[in-house]
Colleague: 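I have a structure here, written as structure tokens, and I will follow up with some questions on it.
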Amino acid sequence: MFKLADSLRSASPRLLLRTGIDALRILRFAVGIVVALYFFSVAAQPSRAAANPSETSAPAESLSIGGAAINVAIEPGDLILTRIRILDWVRRSACAVTEYYAGFPVRNVNVKVVPLGEGKGVVFGRTVVVDQTPVIRVGLSRFATESSLLDDWVMTHEMVHLAFPSVADEHHWIEEGIATYVEPIARAQVGDLSPQKVWGDLVDGLPKGLPAPGDRGLDITHTWGRTYWGGALFCFMADVEIHRRTNNRYGLQDALRGIVRAGGSMEHDWPLTRALKVGDDATGVPVLTELYDKMKATAVTPDLSAMWRELGVRSSGDSVVFDQGAPLAAVLRSIMERRSSPGAECVRQGDDRRIPASIDTSTDRWPTTTSH
Ligand SMILES: [Zn+2]
């Protein structure tokens with residue numbers, strides 16, 4: 001899928017510690033900037049939003065998932081989708097994030113769904129912190145259907161943003177990179193996305209994160225490609241390397257869980273080096289710190305074709321197939337395996353989709369349990 005999103009920083013630090021906007025299905029970057037500026041203007045004027053009675057009149061419903069209270073308010077407006085369907089979409093996204101991080105990353109979050117008279121599905125997503133409470137605001141087209149929600153990545157992407165501390169502006173790539181890389185894997189681990197879709201999209205997307213001529217390191221070149229996909233490339237390289245060095249005992253998932261366990265969620269400002277060190281301590285190998293030292297100021301171009309060969313990911317038509325005989329095939333399997341038991345609130349009766357889809361038409365399946 002073509003992913004286009006943009007981000008910006010708040011000019012109102014008292015109310016908005018960090019702002020990220022993820023708009024999608026916008027075909028031109030310039031249009032993305034216009035959209036970002038529009039939402040920036042709204043975000044930067046909280047008094048105007050507060051003066052609008054529709055901001056406060058939407059009744060909230062609280063979902064209890066992964067130890068968190070997820071307070072969902074659907075603002076007034078026309079929608080085809082029912083309230084039940086929308087709540088189920090939020091719940092599914094929260095369950096994917098809960099399983100990836102072994103718990104929802106914050107104790108309390110407000111989710112505001114804003115009906116829009118335009119677009120097709122989920123039109124934009126933005127996550128901010130207001131007075132210490134994270135707020136996810138997602139624009140939903142009045143024409144959105146149940147299948148729009150089943151295909152949606154935005155809600156999960158925004159929730160992943162909760163699971164990393166706020167860092168200085170020059171490191172924004174790590175925030176978007178983690179959200180871009182983790183979202184599909186988290187959804188696959190709960191059976192909401194096929195492994196072929198996850199890796200097919202990474203094969204398509206990661207080259208957009210490679211440095212263009214003249215680009216410098218991730219802390220210096222802040223284009224859309226280097227921010228979202230360059231950040232995802234960092235995560236992918238780190239994930240493979242942690243798995244490789246620890247013989248698949250640990251991966252990026254363990255590092256990111258360690259950061260959340262240490263209190264590194266979005267409400268808190270941390271230096272990036274602290275977050276990376278905490279992540280490294282959780283896996284016992286200093287991969288994040290070493291990779292950051294390599295990529296922060298210098299353009300690094302990994303040989304992605306060679307990495308796909310080693311991992312056993314081969315393009316096949318519109319999708320990919322997995323070569324279980326590849327040297328690092330076990331790394332790929334380990335990245336995809338589920339690392340926790342689902343919480344009771346995430347088990348759907350009669351739902352067998354929680355078993356991840358088979359790798360291909362052969363009898364191979366992704367492991368569904370793990371010992372760590
Ligand atoms: Zn984002």
Side-chain angles (χ1 to χ4, degrees), residues 1-10 16-26 29 31-33 35-40 42-43 89-90 93-94 96-97 100-101 104-106 109-114 121-130 134-140 151-187 193 198 201-202 205-206 208-209 218 222-236 252 256 259-260 264-269 272 275:
M1 175 205 262
F2 183 79
K3 281 192 181 185
L4 177 57
D6 195 23
S7 64
L8 65 148
R9 291 290 167 167
S10 167
L16 304 168
L17 299 181
R18 209 200 96 209
T19 301
I21 280 192
D22 300 293
L24 73 158
R25 295 180 188 131
I26 301 168
F29 186 56
V31 176
I33 289 173
V35 171
L37 287 172
Y38 168 73
F39 289 115
F40 174 77
V42 173
W89 163 54
V90 176
S93 303
V97 171
Y100 191 89
Y101 287 95
F104 200 77
V106 296
V109 59
N110 296 332
V111 175
K112 292 182 185 295
V113 177
V114 185
V122 181
V123 181
F124 74 89
R126 183 179 73 218
T127 303
V128 298
V129 176
V130 181
V135 179
I136 294 174
R137 196 172 171 87
V138 171
L140 190 58
D151 289 343
D152 170 61
W153 56 269
V154 174
M155 184 64 78
T156 308
H157 176 109
E158 297 304 325
M159 288 179 173
V160 172
H161 276 313
L162 304 173
F164 198 77
S166 294
V167 291
D169 282 359
E170 68 262 32
H171 313 309
H172 187 48
W173 57 268
I174 189 81
E175 297 167 340
E176 294 305 341
I178 289 171
T180 301
Y181 181 72
V182 167
E183 166 266 313
I185 293 174
R187 289 170 65 207
L193 210 58
V198 174
D201 283 355
L202 286 171
L206 286 175
K208 297 174 198 157
L218 292 168
H222 297 138
T223 55
W224 169 81
R226 291 289 275 161
T227 300
Y228 284 78
W229 286 107
L233 189 62
F234 175 90
C235 293
F236 165 65
L252 179 69
L256 295 177
I259 293 166
V260 173
S265 60
M266 186 186 177
E267 308 102 307
H268 304 288
D269 291 327
L272 176 58

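Start at 1 and go down the list; that is how both ligands and their atoms are numbered. Positions are given from 1 along the sequence.
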Colleague: Could you check which N/O/S atom of Glu176 is closest to the Zn ion (ligand 1)?
Modeller: OE1
Colleague: May I ask you to check whether Glu175 brings an N, O or S atom to under 2.8 Å from the Zn ion (ligand 1)?
Modeller: no
Colleague: Tell me, please, which residues at least two apart from Ala94 pass side chain to side chain contact (heavy atoms under 4.5 Å, CB included).
Modeller: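 Partners of Ala94 by the side chain to side chain contact (heavy atoms under 4.5 Å, CB included) criterion, ordered by chain and then number, come out as Ile65, Ile70, Phe104, Met159.
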Colleague: Assess, by modelled atom type and distance only, whether the side chains of Glu175 and His172 contain a donor and an acceptor separated by less than 3.5 Å.
Modeller: yes
Colleague: How many degrees, to 10°, between His161 NE2 and His157 NE2 as seen from the Zn ion (ligand 1)?
Modeller: 100°
Colleague: Using every non-hydrogen atom in the two residues, find where Val198 and Pro184 come nearest and quote the distance to one decimal.
Modeller: CG2-O, 3.6 Å
Colleague: Checking Thr156 against Glu183: is there a side-chain donor and acceptor pair closer than 3.5 Å?
Modeller: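 Judged by distance alone, the side chains do not pair up.
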